[in-house]
Structures are given as structure tokens and as C-alpha cells.
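Heads up, the thing below is written out as C-alpha cells.
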Amino acid sequence: MFDFIGKINGKKMGIFAAGALFGTAGVKLLSSKDAKKCYTNCTAAVLRARDCVMKTVTTIQENAEDIYAEAQQINEDRAAEEEKAVCGEEAGQDADVPENTAEL
């Protein structure tokens with residue numbers, strides 16, 4: 001009738017009991033006041049780090065926007081100079097060609 005008792009593996013039962021004991025102790029340890037204080041301090045440190053990172057990111061974004069605006073202005077100035085140079089060359093070429101064909 002109690003044949004199943006002989007089939008129980010003592011080593012596996014011991015490991016299971018130890019795991020249950022450590023699990024219960026772990027839950028008690030993780031929910032203690034000291035653990036909560038540690039979690040709070042760690043969370044506060046993470047929030048401070050996040051603020052520092054966000055300030056750095058904001059500074060980098062502002063600098064990138066400034067660089068982009070200056071680059072656009074440089075390209076616009078360069079395009080305007082090229083346009084003047086092209087217009088000047090065309091005006092110089094037109095001066096050589098007589099307007100009235102009767103002069104030829």
C-alpha cells in the first residue's frame with residue numbers, strides 16, 4: 001500500500017525543500033524595509049543619471065541645430081556667389097556680340 005515511499009528520491013526531495021526554503025527566505029528578504037530603502041536609493045540614482053543624460057542630449061541637439069543652420073547659410077551664400085559669377089560671365093559674353101547685325 002505504501003510502495004510509493006520507497007520510490008521517492010531523497011536527494012531530489014532535499015533539493016526541492018532547500019529551494020522552497022531559500023525562495024521563502026528570499027521573498028522575505030526582498031520585501032524587508034532595508035531592501036526597500038536600497039531600491040529607493042538605486043531608483044533615485046537612476047533618476048539623477050537620467051537628468052544628467054537628458055541635459056547632455058539637449059545640449060547636443062541645440063549644437064546640431066546651430067551647425068545645420070550655419071551649413072545651410074554657407075550653402076546659400078555659395079550658391080548666390082556662383083549665380084553672380086555665372087551672370088557676370090554671361091554679361092561679358094553678351095558685350096562681345098553686337099546687338100545690331102547691321103554692324104557686321
Side-chain angles (χ1 to χ4, degrees):
M1 183 166 158
F2 294 107
D3 295 338
F4 66 90
I5 294 176
K7 296 180 181 178
I8 295 176
N9 187 342
K11 184 177 180 180
K12 289 184 180 179
M13 285 299 290
I15 291 173
F16 174 77
L21 178 66
F22 286 128
T24 303
V27 168
K28 293 288 185 183
L29 180 67
L30 293 175
S31 62
S32 70
K33 289 181 183 180
D34 291 334
K36 286 182 183 180
K37 184 176 179 181
C38 178
Y39 303 149
T40 304
N41 288 331
C42 290
T43 303
V46 167
L47 291 174
R48 286 190 304 270
R50 185 193 68 172
D51 290 341
C52 180
V53 168
M54 291 308 293
K55 286 178 185 177
T56 303
V57 167
T58 302
T59 302
I60 291 172
Q61 284 178 339
E62 289 171 355
N63 289 340
E65 289 171 359
D66 292 343
I67 291 169
Y68 181 71
E70 288 178 21
Q72 281 184 325
Q73 185 62 42
I74 289 169
N75 285 338
E76 289 173 4
D77 293 345
R78 184 176 275 178
E81 288 176 13
E82 288 177 3
E83 176 114 5
K84 283 182 182 179
V86 169
C87 289
E89 288 176 6
E90 289 176 1
Q93 289 175 358
D94 290 343
D96 295 340
V97 177
E99 292 183 18
N100 190 348
T101 55
E103 294 176 7
L104 293 174

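Between atom OG1 of residue Thr59 and atom NZ of residue Lys55 there is a gap of 9.5 Å, rounded to the nearest 0.5 Å. Put simply, CD on Gln72 and CD1 on Ile67 are 13.0 Å apart, with the number rounded to the nearest 0.5 Å. Rounded to the nearest 0.5 angstrom, Glu82 CD and Asn75 CG are separated by 9.5 Å. If you take NZ on Lys36 and OG on Ser31, they are separated by 7.0 Å, rounding to the nearest 0.5 Å. Atoms CD and CZ, from Glu83 and Arg78 in turn, are 15.5 Å apart once rounded to the nearest 0.5 Å.
Around the OH atom of Tyr39, the shell of radius 6.0 Å holds more than 12 heavy atoms that belong to other residues, nucleotides or ligands.
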